[in-house]
> 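This is the structure, below, for whatever I ask next.
Worth saying up front: this structure is predicted, and the values here are computed from it rather than measured.
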Protein chains: 2
Amino acid sequence: MTSTAREKPGLRMADRVYEAIRREILDGRLAPGEKITEAVLAERFAASRTPVRSAIVRLAGDGFVEMTPRSGTVVKRRTPNEVSDIYEVRALLESAAAGLAAGRCDARDLGDLQAIQSEMEAATAGSWQAEDEVVEKVSALNQAFHQKILEASRNATLADSAARLMNIGFLINTYARFSRPEIERSLFEHRQLIAALTSRDPAWAEAVMRAHILGARNSLAAEG
Amino acid sequence: MTSTAREKPGLRMADRVYEAIRREILDGRLAPGEKITEAVLAERFAASRTPVRSAIVRLAGDGFVEMTPRSGTVVKRRTPNEVSDIYEVRALLESAAAGLAAGRCDARDLGDLQAIQSEMEAATAGSWQAEDEVVEKVSALNQAFHQKILEASRNATLADSAARLMNIGFLINTYARFSRPEIERSLFEHRQLIAALTSRDPAWAEAVMRAHILGARNSLAAEG
DNA sequence: CGGAGCCTCATTGGATACAAGTTCAAGATC
DNA sequence: GATCTTGAACTTGTATCCAATGAGGCTCCG
């Protein structure tokens, strides 16, 4: 897996820094184009430059930042075209994953997916929460849903390639992607996806997933 | 780009070490499962542990090695199934790239491809060379050919994802993939690919590329 | 007043020193 | 005899230190 670290969370400073910087980028607290200086981050996380440096190297490998040899590191900018390209490749990979999953998933997978779906619907229905919390929760569950399907494809390489792109894609305008109408659409399409997987229909699953992702791309292009 | 460094090649020790280790893995001089110790590599490359460590972190990100927190690093093993999975995803990505390239490539791209093809045929025809040299040359040209088509797809994300897999895939049994009959088949299919691109036929290009890669997977499974 | 060259300074890259954890083996105990 | 314990050496992870280089500002000249 590319970026899931489930080891004891207090041990490697480099990992904590990696996650922290990644979160700051995803949250927009580190804006695209912004310069990153190792010493500043080191002080912010109460660490030395060594683990910060290691984290930055990893982030560069994941495509979050860009290191230029002796000049410095900046958060990578992405043009609308690049974003569109990312979604295109995601559509390709994840639709293939959905098709495979339709032929390979078991009852447990389907149960997990249904559980995620239920939680997502509950989170959406809960109108007492602040909209920000809803968006955050939905975003996390959405990611879990897609991840689960990738797993169910039983092709680790495919899952990893797609997960990489998912992570990068999520740094763009989460709020536009999860406005209320978008959430409704997402819920509907996820239901379809579960139906397709349950009925073991690869072509259907593939098509729904492709439509799901390309639809997201389109709404992103319209609003972003 | 993931792993192309075209800056002045004497400046960053970390990059030189990265390339060196990567080559050793691709050449099989570092075997899958073998343990990597930073101090050893540091001495071998006349460097300190710092750049070696940086290189290892990058290699882990690229999927060449596996770091376990305080235990050590080993060259990643791949089961035949994983290899098959890699080829499956490559087929998916590169066939899509070929399809896009058919609609987007220009005369310059086609010229470059033709040049690579000619060089490859020349290398094959030259029977005075040692077989090892032929294989090495053909392997490099083959990689260049595929890379060129990825470029011509004009989708950097797609190109990067596929290139990543290509690099990983090439560490497996280069010699089986480039036995004489395989080279002949490769040359033939590359010719078809150029024809499809030249006639701007996306469906054809896509199909040929898919057949090309899945064929390679099959012959690899048969011999490896 | 504007531009080119130099110079200082901030920042990155590498080396070394140190701390902490893991593995492996030898020994003791059941 | 097998297993658990304990200890020592090795290896990784982090901190600090030093060198080298790119960037920005300042001055001097046109």
> Take atom CE of Met67(B) and atom C1' of dT11(D), then tell me their distance rounded to the nearest Å.
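Atom-to-atom, Met67(B) to dT11(D), this comes out as 12 Å.
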> On DNA chain D, check which nucleotide each of Ser71(A) and Ala14(A) is closest to and give me the residue with the more 5' one.
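In this pair, the answer is Ala14(A).
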> Does atom CZ of Arg44(A) have more than 12 heavy-atom neighbours from other groups under 6.0 Å away?
yes
> Would Arg22(B) and Asp15(B) pass as an ion pair if we require N to O under 4.0 Å?
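Judged by the 4.0 Å cut-off on N to carboxylate O distance, Arg22(B) and Asp15(B) do not form a salt bridge.
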> Just the table, please: protein N/O against nucleotides 6-9 of chain D N/O, every pair under 3.5 Å.
none

> For His146(B) and His190(B), take the angle between the two ring planes, folded into 0 to 90°, and tell me which bin it lands in: parallel under 30, tilted 30 to 60, perpendicular over 60.
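Rings of His146(B) and His190(B): perpendicular, over 60°.
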> Counting only non-hydrogen atoms, which of residues 35-54 of chain B are less than 4.0 Å from DNA chain D?
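DNA chain D contact set from residues 35-54 of chain B: Ile36(B), Thr37(B), Glu38(B), Arg49(B), Arg53(B).
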> Please indicate whether Glu136(A) has more than 12 foreign heavy atoms, meaning atoms of other residues, nucleotides or ligands, lying under 6.0 Å from its CD.
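No - once you tally the heavy atoms of other residues, nucleotides and ligands closer than 6.0 Å, there are 12 at most.
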> To the nearest Å, give me how far apart OH (Tyr18(B)) and C1' (dG13(C)) are.
18 Å
> Could you state the CZ-P distance from Arg70(A) to dT12(C), rounded to the nearest angstrom?
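Whole-Å distance recorded here is 12 Å.
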> Closer than 4.0 angstrom, basic N to acidic O: yes or no for Arg16(A) and Glu19(A)?
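Not counted as a salt bridge, because no side-chain N and carboxylate O are separated by less than 4.0 Å.
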> Start with the C-alpha distance between Asp62(A) and Ile168(A), add both sets of side-chain angles, then the distance that settles side chain to side chain contact (heavy atoms under 4.5 Å, CB included), and finish with yes or no.
CA-CA 8 Å; Asp62(A) 290 346; Ile168(A) 296 180; 5.9 Å; no
> Expressed as a whole number of angstroms, how long is the span from Met13(B):CE to dA20(D):P?
13 Å
> Can Arg154(A) and Asp106(A) be counted as an ion pair, charged N to O under 4.0 angstrom?
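Salt bridge between Arg154(A) and Asp106(A), a charged N being under 4.0 Å from a carboxylate O: yes.
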> Which atom pairs, one a donor and one an acceptor, fall under 3.5 Å between side chains of residues 25-37 of chain B and the rest of the protein, sequence neighbours left out?
from, atom 1, to, atom 2, distance (Å)
Arg29(B), NH2, Glu24(B), OE2, 3.2
Glu34(B), OE1, Ala31(B), N, 2.9

